[in-house]
Number of protein chains: 2
Amino acid sequence: MDAQSPETNLSPWMPFESRRRARDEKREAVLRTAVRLFLEQGYHRVTLNDVAERLNITKPALYNYFRSKDEILFECWALGQEIVDEFIAEIDNGGGNALAKLRKLIQAYAEQMTTDSGASLVRFDARDLTAENQKIVRAAKKRIDRTFRKYLADGVADGSIKPCDPKLAAFAIAGSLNWIGHWYQRAGAWSAEAVASRFAAQLTEGLANDRPSKRGPGTPKKSRPAKGGRK
Amino acid sequence: MDAQSPETNLSPWMPFESRRRARDEKREAVLRTAVRLFLEQGYHRVTLNDVAERLNITKPALYNYFRSKDEILFECWALGQEIVDEFIAEIDNGGGNALAKLRKLIQAYAEQMTTDSGASLVRFDARDLTAENQKIVRAAKKRIDRTFRKYLADGVADGSIKPCDPKLAAFAIAGSLNWIGHWYQRAGAWSAEAVASRFAAQLTEGLANDRPSKRGPGTPKKSRPAKGGRK
DNA sequence: CCCGTATATTACCCATGAGTAATAAAAAGT
DNA sequence: ACTTTTTATTACTCATGGGTAATATACGGG
């Protein structure tokens with residue numbers, strides 16, 4: 001028998017590597033559990049004891065992986081944001097005119113909103129984070145917003161999108177999509193992809209039937225009575 | 001001098017009435033202050049001491065008007081919901097076809113979202129309330145949702161609205177509108193009415209330019225490549 | 001087999017903030 | 001003026017939960 005066993009010989013780094021990987025897996029397990037609980041019950045109603053308990057460990061063990069509760073919250077958020085940044089880059093570098101890109105973005109973003117990590121982007125309160133992390137979150141939200149506005153502005157410029165204010169239109173679209181994170185449940189009747197594709201269609205095509213195929217019972221008038229609001 | 005001053009004579013109930021009114025005014029002042037702070041900083045970061053301090057009183061004084069912090073939160077919410085219920089009733093009893101009613105609803109709801117009491121409807125977490133009050137909130141949200149769906153379904157039936165799934169379309173619209181409560185600021189460039197009317201237009205008319213007036217640079221094709229989603 | 005490191009546990013600390021006496025000041029009623 | 005009721009204050013209780021210190025246990029390396 002040799003002084004060294006074969007496995008040790010094959011990969012001297014393996015023990016170290018596997019150890020590091022085990023650690024990362026545990027870290028991620030904490031985040032998965034935390035994000036679930038935070039979404040289910042809300043950040044402030046979830047204690048670190050709750051998180052630990054669901055992982056069959058005790059609270060102080062968590063501090064081997066994270067420095068504070070708000071750091072856990074931030075890392076949960078970051079997981080979701082990473083995915084968004086990825087598909088934004090993918091769409092941005094891909095082909096198609098502005099309207100096509102906008103539709104792709106809506107589709108991808110809507111699907112993301114049906115996941116835990118996606119919902120965490122809109123259901124967590126950035127004010128629970130440190131000032132530095134709040135800055136990071138704000139920057140990320142700005143990136144998303146800029147992308148929507150860019151596609152809208154480009155689309156207006158190239159004629160694929162009706163003249164509109166990109167800022168306001170971006171808010172309208174983002175609102176619809178973010179809201180998915182509040183109501184969507186996997187148990188429901190709609191698959192994530194189905195919701196996403198319907199949203200992509202509706203948000204870009206609108207609802208009003210300007211040119212009814214025959215003639216609607218409503219005898220659609222072009223002119224609205226007055227510009228004034230309600231009341 | 002008479003034994004009774006004229007005012008006292010005119011209204012024997014006045015002392016009692018004015019007392020009750022003073023009380024109600026103070027109650028409302030508490031709510032106005034609370035709603036502001038809750039929106040500014042988030043419910044869990046606002047202490048009752050904070051609320052009291054801004055009113056130049058001390059915490060226990062609040063307990064003359066409310067039984068608990070979560071009751072204050074609930075009453076803040078109820079103030080906003082009351083307004084929504086009112087204009088829903090008004091629109092529902094008013095004239096116009098389904099699409100017209102939908103536009104009125106969007107307009108009114110959007111305007112409401114630009115106010116403190118409106119924003120509280122979407123920015124407060126119902127899970128901070130007692131189980132009973134959570135029920136009330138759920139019922140109210142259901143009422144709003146039903147109204148949107150009804151107008152959409154009616155519109156599809158009478159031809160004023162494109163065929164669509166009212167459930168999903170209602171979510172899309174409500175999402176856009178609720179989101180206003182998260183981003184709108186009075187200090188911004190847009191008035192509440194301007195935002196509301198743009199939303200009413202965009203959400204019902206859509207964005208895509210199906211029939212460009214001359215011929216857009218994008219050489220619009222009628223056929224989209226495939227029904228499948230992204231990726 | 002022993003040592004050092006990583007990871008876990010038990011038992012604490014302690015700031016925070018909702019809610020509650022006990023009591024004082026103010027206003028209303030007579 | 002005297003009493004009662006309402007409204008406010010000061011001074012407290014106390015449960016909660018984030019975070020830490022001291023310490024035990026598992027584990028890979030030599």
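In what follows, every chain begins at residue 1, and chains take the letters A, B, ... in the order their sequences are listed.
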_Residue-phosphate contact under 4.0 Å: A/Thr58 side-chain N/O, C/dT9 OP1/OP2_ = yes

*asked:* Using modelled atom types and a 3.5 Å cut-off, is there a donor and acceptor pairing between side-chain atoms of B/Tyr184 and backbone atoms of B/Ala192?
replied: yes

_Looking at B/Ala170, is its backbone amide N or carbonyl O close enough to the side chain of B/Arg149 to form a donor-acceptor pair, meaning the two atoms are under 3.5 Å apart?_
no

*Could you state the atom-to-atom distance from CZ of A/Arg27 to C1' of C/dA6 in whole Å?*
16 Å

*How close or far is atom C1' of D/dT20 from atom CG of A/Leu62, stated in whole angstroms?*
14 Å

*Output yes when a side-chain donor or acceptor of B/Lys101 lies under 3.5 Å from a complementary backbone atom of B/Asp92, and no otherwise.*
yes

*When all nucleic acid strands are considered with a 4.0 Å heavy-atom cut-off, which category describes B/Tyr65: base, sugar-phosphate, or nothing?*
sugar-phosphate

*How long is the line joining CG of A/Leu129 and C1' of D/dG18, in whole Å?*
16 Å

*According to the interplanar angle, ranging from 0 to 90°, do the rings of A/Trp183 and B/Phe171 count as parallel (below 30°), tilted (30 to 60°) or perpendicular (above 60°)?*
parallel

*asked:* Rounded to whole Å, how long is the line connecting atom CG of A/Asn56 with atom P of C/dT9?
replied: 9 Å

*For the pair made of CD1 in B/Ile57 and C1' in C/dA24, what is the distance, rounded to whole Å?*
17 Å

_Gap between atoms CD1 and P, on A/Ile72 and D/dG17 respectively (whole Å)_ = 15 Å

*Look at the side chain of A/Arg127 and the backbone N and O of B/Glu40, then say whether any donor-acceptor pair between them is shorter than 3.5 Å.*
yes

_Atom pair distance, as rounded to whole Å: CG in B/Asp24 and C1' in D/dT7_ = 15 Å

_Over 12 foreign heavy atoms within 6.0 Å of CD, B/Glu53_ = no

*What string of B, S and - do you get for nucleotides 16-22 of chain C, 5' to 3', if B is base contact, S is sugar-phosphate-only contact and - is no contact with any protein heavy atom under 4.0 Å?*
-SBBB--

*For the pair made of CG in B/Asn64 and P in C/dA27, what is the distance, rounded to whole Å?*
15 Å

*Ring-face cation contact, B/Tyr109 with B/Lys104, 6.0 Å cut, 45° max*: no

*If only side-chain N and O atoms of A/Arg23 are considered, is one of them under 4.0 Å from the OP1 or OP2 phosphate oxygen of C/dT7?*
yes

